[in-house]
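Report on the following structure.
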2 protein chains.
Amino acid sequence: MNKNQAFPWDHPRFRSWIGVARACQLMQQAVTRAIADLGIKPPHLDILVNLYRFQGISQQELARKLLVGRSNMSMLLPQLEKRGLIERNPDAKDKRVLRLSLTAEGRALTEQAMTIQTGLIERIMSQTPEDRCLQVAEAMEDIIRILQTLETADDEEEG
Amino acid sequence: MNKNQAFPWDHPRFRSWIGVARACQLMQQAVTRAIADLGIKPPHLDILVNLYRFQGISQQELARKLLVGRSNMSMLLPQLEKRGLIERNPDAKDKRVLRLSLTAEGRALTEQAMTIQTGLIERIMSQTPEDRCLQVAEAMEDIIRILQTLETADDEEEG
DNA sequence: TCAAAAATGTTCAATGATGAACAATAAAGT
DNA sequence: ACTTTATTGTTCATCATTGAACATTTTTGA
């Protein structure tokens with residue numbers, strides 16, 4: 001009678017996913033504590049790292065990379081600008097867009113933060129051999145692909 | 001000269017973890033959309049599922065399972081109580097604690113929501129063979145263990 | 001050329017999450 | 001017994017995030 005695995009938490013896939021979610025939640029909290037001394041939180045870190053990597057990106061593009069709404073960027077970026085960590089310059093061709101870049105100070109802070117973050121990631125994955133990490137990465141890519149098709153499927157339903 | 005893998009995003013472990021984080025974020029959004037019709041959001045779902053599984057749990061215990069603060073429960077639980085989904089009854093022995101339980105309505109709603117959630121999880125992991133899921137689960141357990149020791153290490157530093 | 005549609009960034013109200021401070025109760029130490 | 005310490009839940013101010021409505025600008029297409 002228990003063949004149907006009546007409860008979700010008896011499903012192996014369910015338990016796997018719960019593990020992923022818990023790990024993420026704990027990691028988020030650990031990162032929050034680890035970078036608190038720098039005066040930033042995970043959302044700021046995500047922004048800074050992306051600006052470090054993709055200089056001159058627009059707010060829209062940044063929001064897409066971070067999987068958040070444009071309005072979120074409109075709230076956070078002015079804070080970082082006032083702190084002198086980033087700059088927002090109007091695009092030459094398109095008067096709607098603002099091009100984002102790190103200041104020297106912002107770049108220095110970002111490098112410190114990335115060092116901390118990378119150290120933390122290496123630490124939590126130190127028990128996981130490299131090939132296992134690759135397998136996890138592949139599994140996540142599959143999941144991400146499916147979730148993205150789900151997303152666009154929802155969009156089409158509306159239209 | 002590139003032997004040191006100067007940038008975080010060149011580290012395989014870093015990329016693996018970014019994948020995990022992205023998958024979680026997308027899944028969170030997908031679940032939000034999927035259960036919106038039921039009038040609840042992921043935080044409520046997490047509460048309801050835990051009450052479904054652990055009847056008579058206290059607010060403190062629930063907060064610990066969800067990895068959130070007590071104050072968060074103090075904000076959310078009264079909402080669910082007013083909607084008639086849960087009950088909060090004083091403990092007989094300890095006048096401080098409130099014992100939580102689902103109402104019949106809450107139980108019915110939770111079952112609907114769990115069906116949706118389980119379906120979504122099965123869907124996103126459908127491309128991942130079961131043994132691969134197990135490997136992911138093991139990797140996450142290792143990570144969770146390390147993060148929890150980190151947590152307690154922080155506590156001890158304070159004391 | 002000109003009107004309609006789309007894209008970009010902003011504002012605003014609502015909501016979830018947090019940590020600190022607090023009151024009530026229980027447990028421990030003396 | 002009694003003082004101190006810990007635990008449980010609440011309140012409050014703060015902040016990140018969201019989605020809708022909006023103004024400006026660009027692109028489409030008739």
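In the text below, chain A, chain B and the rest are named by the order of the sequence lines, each starting its count at 1. The basis for the numbers below is simple: all heavy atoms, side chains too, and nothing from hydrogens, waters or symmetry mates.
Under a 4.0 Å N-O distance rule, the pair R99(B)/E87(B) does not qualify as a salt bridge. Classification of R83(B) and E105(B) as a salt-bridged pair fails, no side-chain N sitting under 4.0 Å from a carboxylate O.
When heavy atoms are screened at a 4.0 angstrom cut-off, Q25(B) is found touching no nucleic acid atom at all.
For Q28(A) and dA17(C), the shortest distance from a side-chain N or O to OP1 or OP2 is not below 4.0 Å. Distances shown here put every side-chain N or O of Q29(B) at or beyond 4.0 Å from the OP1 or OP2 atom of dT17(D).
Using a 4.0 Å cut-off on heavy atoms, the residues of residues 85-103 of chain A that approach DNA chain C are R88(A), R96(A), V97(A), L98(A), listed by number.
Put simply, Y52(B) and M73(B) are part of the same group of oily side chains (I, L, V, M, F, W, Y) that touch within less than 4.5 Å, one to the next.
In this structure, L100(A) CG and L80(A) CG are separated by 10.0 Å, a value rounded to the nearest 0.5 Å.
One N or O donor and one acceptor, one from the side chain of S71(B) and one from the base of dG19(C), sit under 3.5 Å apart.
Mapping L67(B) and Q60(A) onto DNA chain C via the closest heavy atom, the residue that lands nearer the 5' end is Q60(A). Each of V68(A) and K41(A) was assigned the nucleotide of DNA chain D with the nearest heavy atom; the assignment lying further toward the 5' end belongs to K41(A).
When distances are taken from the side chain of N72(A) to each of dA16(D), dG16(C), dT11(D), the shortest belongs to dA16(D). Nearest to the side chain of P43(B), among dT10(D), dA16(D), dG16(C), sits dG16(C). Listed candidates were dA17(C), dT8(D), dG9(C). Nearest to the side chain of S58(A) is dG9(C). Of all nucleotides listed (dT17(D), dG9(D), dG9(C)), dG9(C) comes nearest to the side chain of Q59(A). Closest contact between the side chain of H44(A) and the listed nucleotides dA16(D), dT17(D), dG9(C) involves dA16(D).
For the pair Q25(B) (side chain) and L66(A) (backbone), a donor-acceptor distance under 3.5 Å is present. Counting only distance, with no hydrogens or angles, the side chain of T118(A) and the backbone of T115(A) share no donor-acceptor pair below 3.5 Å.
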